[in-house]
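One structure is given below, encoded as structure tokens.
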Amino acid sequence: MLKEIQKSLFKKKATVLYPFKERERVHIPEGFRGKIVFDRDKCTGCLLCARFCPSGACEIVTDEKGKRPIFHLELCLFCSQCQEVCPKGAINLTKEFELAAFDRKAFTIR
Amino acid sequence: MDFLLELLQILVFPGILFAIGLAFVYEWLDRKIYARLQNRVGPLYTGPSGILQPFADFIKLLAKEDVVPNEVDKPLFNALPIFALTLSLTGFLALPITGLRGVISFNGDLIFLITLMTLICIVIMYSGISSANRFSTVGAERAALQLLGYEIPMMLSAISIGILASSMWVYDIVSIQANGGWFLIGPGILGFAIFVLCGQAELERIPFDIPEAETEIVAGWLTEFSGRKLALFRLTKNVELLYLSGLVVALFLGGPSGPVMPGLEFILYPLYFLLKTLFVLFLLTTLRALFARLRIDQMVNFSWKYLVPLAILQVLIVRLVV
Amino acid sequence: MQEEELQKTEKKSAYELFFDIPVGPQHPALKEPAFFKFRVEGERVVGVDVDVSYNHRGIERALEDRNYIQNIYLIERICGICNVAHTLCYAQAVEQLHGKEIPPRANYIRLMMEELARIHSHMLWLGVAAHEIGFDTLFMYVWRDREVVMDLIEMLTGNRVTTAVNTIGGVRRDVSNEAKDKVKKGMNVLEERLKYYRKVALNDPTVNARCSGVGILKPKDAIRLCAVGPTLRASGVKNDVRKDDPYTLHDEVPFNVITFDTMDVFARVLVRIDETLESVNMVRYCLDHMPNGDVRIKLPLSPPVGEAISRVEAPRGELIHYARSNGTKNPERYKVRTPTFENLPSVSEMLTSKSDYEVNIADIPIILASIDPCFSCTARMEFRDVSKGKTWIWSLKELKAHCSKSRR
């Protein structure tokens with residue numbers, strides 16, 4: 001163990017000083033399940049997303065185009081089930097993961 | 001004037017203020033080195049490279065609510081943190097820093113210095129018992145057992161140095177080393193190893209952090225202390241760390257002595273002291289990173305099976321040399 | 001041990017100086033919703049009382065309210081660390097209800113994900129165990145190297161922990177060729193590191209001192225108390241669902257069942273490290289032999305009426321799921337048997353001093369940790385008085401007493 005300890009004294013630190021420095025060291029791979037992006041124009045209102053959402057993050061509201069989902073990120077599990085079932089590809093999960101906000105409105109995706 | 005100077009020495013440099021300030025820096029260094037050994041970064045944001053973190057922790061604790069549980073022995077519970085800090089600061093005053101003599105210096109003060117450490121341990125024991133908490137009681141019990149383990153080899157290795165110098169006066173020990181070379185390089189090497197290991201036990205650091213083993217008995221004897229009292233105890237531990245490394249330096253590394261230009265002693269001596277204590281601190285921190293915590297029976301076993309015979313051997317070696 | 005038995009030990013000591021030490025739910029060694037009351041005499045533990053009913057989540061009931069697809073994600077959240085094992089078990093049970101086989105490539109991916117999760121779980125455990133014995137340096141190193149496998153899981157599935165990779169009828173994501181290369185590289189790094197940790201565990205004197213001869217569970221007791229998983233294998237019993245009742249492709253992918261005969265915590269450490277090394281080889285085998293083809297078949301939402309049981313070797317031991325379908329889109333009954341609950345009797349056996357073997361207070365954390373406890377799934381029974389807003393829990397004895405009272 002002594003050797004390993006001596007080695008790590010001169011090794012690069014394993015800690016990523018994430019929020020303030022070294023942001024670029026945070027590597028997010030392709031296909032990461034992050035913030036939901038919803039393309040309203042593609043949506044046909046089939047409501048499959050609401051039917052399969054495990055946590056009730058997908059709410060159905062009626063507006064001028066008919067029944068459309070809105071997504072509540074504070075309830076979302078980021079399982080991407082909605083993305084999977086959406087027949088039109090209107091729902092996508094992006095690589096964005098820094099979702100903290102002071103305003104609740106920021107959590108609602110329309 | 002002499003009186004004022006002495007007061008200044010006790011209160012500011014190299015006395016209480018210096019000790020407390022340095023203690024914070026040493027805690028920071030300890031944490032930083034420990035973190036680097038573990039491939040982490042350690043304290044980072046308070047001050048440059050987090051150097052103010054221990055101080056910030058201290059201030060934070062001072063401001064926190066000070067809870068005194070109903071069941072505790074109140075006078076003892078309130079007084080013990082102050083006792084502990086006083087003891088460790090007194091010890092620091094007796095260390096040679098600015099010259100070959102400490103602020104307090106008298107013939108036989110080596111015994112006094114070692115006894116101070118025992119007293120700190122006894123204070124710890126009392127604080128555990130006075131807390132009237134199950135975890136604290138177990139911690140106090142362990143502190144007492146551990147004391148039985150490490151004190152005798154520690155004492156023996158200190159005494160072997162006394163024999164080498166034919167004096168129990170730290171001043172004599174340091175000045176002999178200043179003229180004739182460090183005791184570490186020579187007959188004192190075994191004693192050095194024993195003393196550092198026992199020092200680790202005295203400071204309750206891994207592998208001997210048994211009385212306050214976090215995962216086993218929460219915080220051991222410290223469990224019930226909060227706010228100001230906890231702050232004082234933490235400060236005590238830091239000053240003790242400084243004091244112990246200073247003692248190791250005085251006994252084995254020639255104290256603050258070193259090559260000096262005449263007229264610059266008052267700068268160079270403290271500088272040498274700092275460099276040497278840093279070396280000891282580094283050793284102590286490496287030891288802390290290297291091992292798992294021992295169990296109390298294993299610790300006492302280890303100490304009586306290996307440390308005590310080795311310490312006796314050290315005394316014998318020294319006797320042959322002298 | 002039950003409360004009454006604890007009472008019996010009250011005055012048997014020569015010193016009559018017993019006292020109780022509470023461990024959990026708020027204790028640095030056990031940050032889990034469980035409570036262990038230890039009766040100690042000085043440093044010696046003479047009795048232990050276990051209470052695991054702090055956090056009843058009602059998952060089995062909740063499963064009956066959701067459809068089969070939604071349940072995947074709820075099942076996954078029974079336990080964060082064994083999420084792959086849970087979803088695998090669930091998917092197998094539902095596929096059994098449907099009576100359908102999944103494509104071979106999906107099976108390979110499932111097995112690979114399961115083993116990656118096992119590597120992740122065992123390395124996490126190794127770090128926790130090192131922390132429990134005060135070896136923080138080892139803890140930091142192991143968790144640093146665990147990041148390798150975490151990153152691989154993130155790359156393959158899109159999330160670090162809750163992978164959501166198994167679904168009914170296959171897996172949700174395919175493995176691309178470049179991902180394969182990355183996984184292979186990661187496996188090489190992990191193998192080297194794991195061999196190093198094996199060396200550390202074998203050679204470090206303090207680790208040896210803290211782990212050998214501690215937490216002994218004899219094979220006879222292990223079988224009697226229904227221990228499962230690495231806890232059982234460390235007692236020298238060759239038992240592994242992957243070998244005994246192969247699912248996915250465990251009959252095809254070669255691996256050894258690791259057992260040790262020292263029966264103590266040290267054996268559990270080595271069993272887990274060796275199992276992780278086996279898992280590394282299994283992942284490699286999967287990558288090399290993966291056939292081309294689909295990774296998923298489409299199945300209807302509602303399975304036909306029927307019952308199914310599926311077994312999976314989760315990182316902590318044998319996991320059993322039982323499902324009953326009534327033909328609708330929600331399961332009629334779902335039952336989960338989790339490994340930690342099965343291991344609790346053995347842990348109280350390990351924690352009790354006997355004539356030939358002593359338990360110290362210092363051994364409590366590492367023995368508790370040695371079964372790799374995951375208390376998120378252990379709460380069992382709870383009563384709620386809505387009018388008073390009070391919640392309480394009854395033991396079997398109290399329940400019987402209540403029944404006899406009400407009969408009168």
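Numbers restart at 1 for each chain; the letters A, B, ... are given by sequence-line order, proteins then strands.
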Give, as side chain, backbone, both or neither, the part of [X] having an atom under 4.5 angstrom from any heavy atom of chain A.
X        : result
C:Arg173 : side chain
C:Tyr68  : neither
C:Leu301 : side chain
C:Tyr197 : neither

Any Lys/Arg nitrogen of C:Asp181 or C:Lys185 sitting under 4.0 Å from an Asp/Glu carboxylate oxygen of the other?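 Judged by the 4.0 Å cut-off on N to carboxylate O distance, C:Asp181 and C:Lys185 do not form a salt bridge.
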Salt-bridge criterion met for A:Lys35 and A:Glu98 (N-O under 4.0 Å):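 Judged by the 4.0 Å cut-off on N to carboxylate O distance, A:Lys35 and A:Glu98 do not form a salt bridge.
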Output the option from C:Arg66, C:Glu154, C:Met155 having the highest count of non-hydrogen pairs under 4.5 Å with chain A.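 Highest number of pairs under 4.5 Å: C:Glu154.
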At a heavy-atom distance under 4.5 Å, which candidate from A:Ser80, A:Gly31, A:Cys79, A:Cys53 has the highest pair count against chain C?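 Result: the option with the highest number of such pairs is A:Cys79.
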Knowing that exactly one of C:Asp145, C:Asn188, C:Thr276 qualifies, which makes a side-chain hydrogen bond (donor to acceptor under 3.5 Å, both in side chains) with C:Arg193?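 So the option named by the test is C:Asp145.
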Going by the side-chain hydrogen bond (donor to acceptor under 3.5 Å, both in side chains) test, name the single residue among C:Thr162, C:Thr163, C:Asn159, C:Asn166 that passes it with C:Asn83.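 Of the listed residues C:Thr162, C:Thr163, C:Asn159, C:Asn166, the side-chain hydrogen bond (donor to acceptor under 3.5 Å, both in side chains) partner of C:Asn83 is C:Thr163.
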Are side-chain heavy atoms of C:Ile119 and C:Met187 found at a separation under 4.5 Å?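 The answer is yes, as the side chains (C-beta and beyond) meet within the 4.5 Å cut-off.
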